[in-house]
Amino acid sequence: MSSPVAASPANVDWVGVAHPPAGDAPRIASLVPSLTELLFALALGPHVVARTGFCVHPKPDIVRVPKIGGTKDPDLVRLRTLAPTHLVVNVDENRRETVDAARAFIPNVIVTHPADPIDNVRLFALFGAIFSRQREAATLRLAFDKALSELDAAAAGGHRETVLYLIWRKPWMTVARDTYVSATLARAGLDTVPMQSTRRYPELADDDPAWREANRIIVSSEPYAFRTRDADELAHRHGRPAHLIDGEWTSWYGSRAIEGLKALARFRRTLR
């Protein structure tokens, strides 16, 4: 297991562990789709030895990496046989008990928890420092800064609105304001409806006040695969605009956030 070392703050993950340099031949397992793609964007693809079935980017390179199950229920026996030296995980997407079990045979577990788009800057620096990809991380940072500025400009061009962002149906589910999704939408000038719930992903009844409080409804293509017809149905039922967007724009961090923020900026401009 990694232990605190004398290192720059860039080496420190989200639980306060400072990770030493990985060396020239790391074997990296990822339980997070966004982080798997980020590893490839940092030219670490040849060192990725395990992924989840939800790690689908980048194509076609990702196909060669063995799958070990899902983000919540990976096959730890299979993971052990792949002998990773590093495991990258996320507080929201992976279960603590799963990560704790993996610590028994994986020397370095890197914990992430981006809660706002700007946290991608820290994420790029963290992976760059651990895996000696500072130059690649700096390139991503420049592209990210440009995309974020584009989103800020789009948000500044319109008034702030309150939105109900749906991620699931049967039951209806939305996002709390302390999530990465809500923070990303807020950066676009779209504030999610405040929920009277302690859950990060609250359920909604058909008569919940949130349906009436939102200026517009947004349905996401993931994790539930909403379609345009769902947005049209909700617009008719609740008498307010409803839109379908790609869930990757708001929920994927890492390198995909760059194109996601650009796409969200284009979407925001259509709402004027």
Side-chain angles (χ1 to χ4, degrees), residues 13-15 30-38 52 54-55 70-72 88-96 98-99 111-124 126 144 147-148 151-152 155 160-169 171-205 208-211 213-226 234 242-265 267-268:
D13 71 11
W14 264 260
V15 293
S30 174
L31 297 183
V32 186
S34 295
L35 300 182
T36 302
E37 184 175 31
L38 174 58
T52 75
F54 299 104
C55 298
T71 57
K72 307 295 186 186
V88 295
V89 299
N90 175 266
V91 170
D92 274 344
E93 298 191 49
N94 308 122
R95 293 192 176 102
R96 174 177 288 186
T98 299
V99 176
V111 180
T112 70
H113 186 40
D116 186 279
I118 200 64
D119 288 341
N120 284 293
V121 172
R122 177 182 176 187
L123 188 60
F124 299 155
L126 176 67
F144 174 81
L148 191 61
L151 180 59
D152 288 344
R160 300 196 74 84
E161 297 191 27
T162 301
V163 300
L164 177 60
Y165 186 90
L166 299 175
I167 60 171
W168 202 260
R169 68 181 303 169
W172 298 110
M173 293 180 69
T174 184
V175 294
R177 282 191 163 179
D178 63 346
T179 58
Y180 181 89
V181 171
S182 281
T184 302
L185 289 166
R187 192 83 187 213
L190 304 172
D191 301 311
T192 54
V193 177
M195 303 301 300
Q196 302 301 314
S197 173
T198 58
R199 296 184 178 182
R200 291 170 62 76
Y201 304 99
E203 295 183 8
L204 285 174
D208 195 288
W211 298 102
E213 294 170 0
N215 299 121
R216 62 181 74 242
I217 298 167
I218 298 176
V219 296
S220 172
S221 65
E222 63 172 50
Y224 184 87
F226 283 105
L234 289 169
H243 316 267
L244 169 69
I245 69 169
D246 188 333
E248 293 182 359
W249 299 353
T250 59
S251 62
W252 281 56
Y253 38 89
S255 52
R256 184 149 293 261
I258 296 168
E259 292 305 316
L261 296 181
K262 291 179 182 179
L264 192 58
F267 170 71
R268 184 65 178 89

Trainee: Checking the side chain of Asp13 only, and the main-chain atoms of Thr112 only, is there a donor and an acceptor separated by less than 3.5 Å?
Mentor: no
Trainee: Got Leu261 and Thr184 here, is their nearest side-chain heavy-atom distance under 4.5 Å?
Mentor: yes
Trainee: Can you check whether Ser30 reaches Leu38 side chain to side chain, under 4.5 Å on heavy atoms?
Mentor: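 When only atoms from C-beta onward are counted, Leu38 and Ser30 do not touch, as no gap falls below 4.5 Å.
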Trainee: Rounded at 0.5 Å granularity, tell me how far CZ in Arg268 sits from CG in Leu151.
Mentor: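 Arg268 CZ to Leu151 CG: 9.0 Å, rounded to 0.5 Å.
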Trainee: Do Glu93 and Pro33 come close enough that some side-chain heavy atom pair is under 4.5 Å?
Mentor: yes
Trainee: Any side-chain heavy atom of Leu123 within less than 4.5 Å of one from Tyr253?
Mentor: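 Side chain of Leu123 against side chain of Tyr253, heavy atoms only: contact under 4.5 Å found.
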Trainee: When you look at Phe54 and Thr36, which way does the side-chain contact (heavy atoms from CB on, under 4.5 Å) test go after all the steps?
Mentor: CA-CA 10 Å; Phe54 299 104; Thr36 302; over 6 Å; no
Trainee: So which of Tyr201, Trp172, Trp168 actually passes ring-ring contact (aromatic ring centres under 6.0 Å, His included) with Tyr224?
Mentor: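 Among Tyr201, Trp172, Trp168, the one meeting ring-ring contact (aromatic ring centres under 6.0 Å, His included) with Tyr224 is Trp168.
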Trainee: What distance separates Leu185 CG from Ile245 CD1, expressed to the nearest 0.5 Å?
Mentor: 6.0 Å
Trainee: Decide yes or no for Val88 and Val32: does some side-chain heavy atom of the first lie under 4.5 Å from some side-chain heavy atom of the second?
Mentor: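 Not touching, per the 4.5 Å side-chain cut-off.
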Trainee: For Trp14 versus Asp119, what's the shortest heavy-atom pair and its separation?
Mentor: CH2-O, 3.9 Å
Trainee: Let me know which of Asn120, Asn90, Asp116 forms a side-chain hydrogen bond (donor to acceptor under 3.5 Å, both in side chains) with Tyr180.
Mentor: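 Among Asn120, Asn90, Asp116, the one meeting side-chain hydrogen bond (donor to acceptor under 3.5 Å, both in side chains) with Tyr180 is Asn120.
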Trainee: Looking at Arg160 and Ala186, would you say the former's side chain and the latter's main chain have a donor-acceptor pair under 3.5 Å?
Mentor: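 Yes, Arg160 side chain to Ala186 backbone: donor-acceptor pair under 3.5 Å.
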Trainee: By the definition side-chain hydrogen bond (donor to acceptor under 3.5 Å, both in side chains), identify the one residue from Thr250, Thr174, Thr192 that meets it with Tyr165.
Mentor: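 The single option meeting the side-chain hydrogen bond (donor to acceptor under 3.5 Å, both in side chains) with Tyr165 is Thr250.
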Trainee: Taking Ala265's backbone N and O only, do any of them form a donor-acceptor pair with Trp249's side chain (distance below 3.5 Å, no angle check)?
Mentor: no
Trainee: Contact between Asn94 and Thr71 at the side-chain level, heavy atoms closer than 4.5 Å - yes or no?
Mentor: yes
Trainee: Going through the distances and angles, do Thr98 and Lys72 end up as a side-chain contact (heavy atoms from CB on, under 4.5 Å)?
Mentor: CA-CA 8 Å; Thr98 299; Lys72 307 295 186 186; over 6 Å; no
Trainee: Roughly how far, to the nearest 0.5 Å, is the CD1 atom of Ile217 from the CG atom of Leu234?
Mentor: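 It is 5.0 Å, given to the nearest 0.5 Å.
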Trainee: For the residue pair Ala176 and Arg199, what are the closest heavy atoms and their distance?
Mentor: CB-O, 3.5 Å
Trainee: Under the side-chain contact (heavy atoms from CB on, under 4.5 Å) rule, what do Lys262 and Ile258 come out as? Steps first, then yes or no, please.
Mentor: CA-CA 7 Å; Lys262 291 179 182 179; Ile258 296 168; 4.3 Å; yes
Trainee: Taking all atoms of both residues into account, what is the closest heavy-atom pair of Ser220 and Gly247, and its distance?
Mentor: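 Here Ser220 and Gly247 meet closest at OG-CA, 3.1 Å.
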Trainee: Measuring from atom CD of Glu203 to atom CE of Met195, what distance do you get when rounded to the nearest 0.5 angstrom?
Mentor: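 The CD atom of Glu203 sits 10.5 Å away from the CE atom of Met195.
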Trainee: Going from NE2 on His113 to CG on Asp92, what distance comes out if it is rounded to the nearest 0.5 angstrom?
Mentor: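 Nearest 0.5 Å value for the NE2-CG distance: 5.0 Å.
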Trainee: Got a donor-acceptor contact below 3.5 angstrom from the Asn215 side chain to the Thr162 backbone?
Mentor: yes
Trainee: Looking only at atom types and distance, does a side-chain atom of Arg177 sit under 3.5 Å from a main-chain N or O of Ser182, one as donor and one as acceptor?
Mentor: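 Such a contact is absent between Arg177 side chain and Ser182 backbone.
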Trainee: Run the side-chain contact (heavy atoms from CB on, under 4.5 Å) test on Trp252 and Asp246 for me, step by step, so that the C-alpha distance in whole Å, both residues' side-chain angles and the decisive distance to 0.1 Å come before the verdict.
Mentor: CA-CA 10 Å; Trp252 281 56; Asp246 188 333; over 6 Å; no
Trainee: What heavy-atom pair brings Gly189 and Ala155 nearest, and what distance separates the two atoms?
Mentor: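 Closest heavy-atom pair between Gly189 and Ala155: N-CB, 3.9 Å.
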Trainee: Rounded at 0.5 Å granularity, tell me how far CG in Leu190 sits from CZ in Arg216.
Mentor: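 Here the rounded value is 7.5 Å.
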Trainee: Taking all atoms of both residues into account, what is the closest heavy-atom pair of Leu35 and Val89, and its distance?
Mentor: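 Scanning both residues, the minimum pair turns out to be CD1-O, 3.8 Å.
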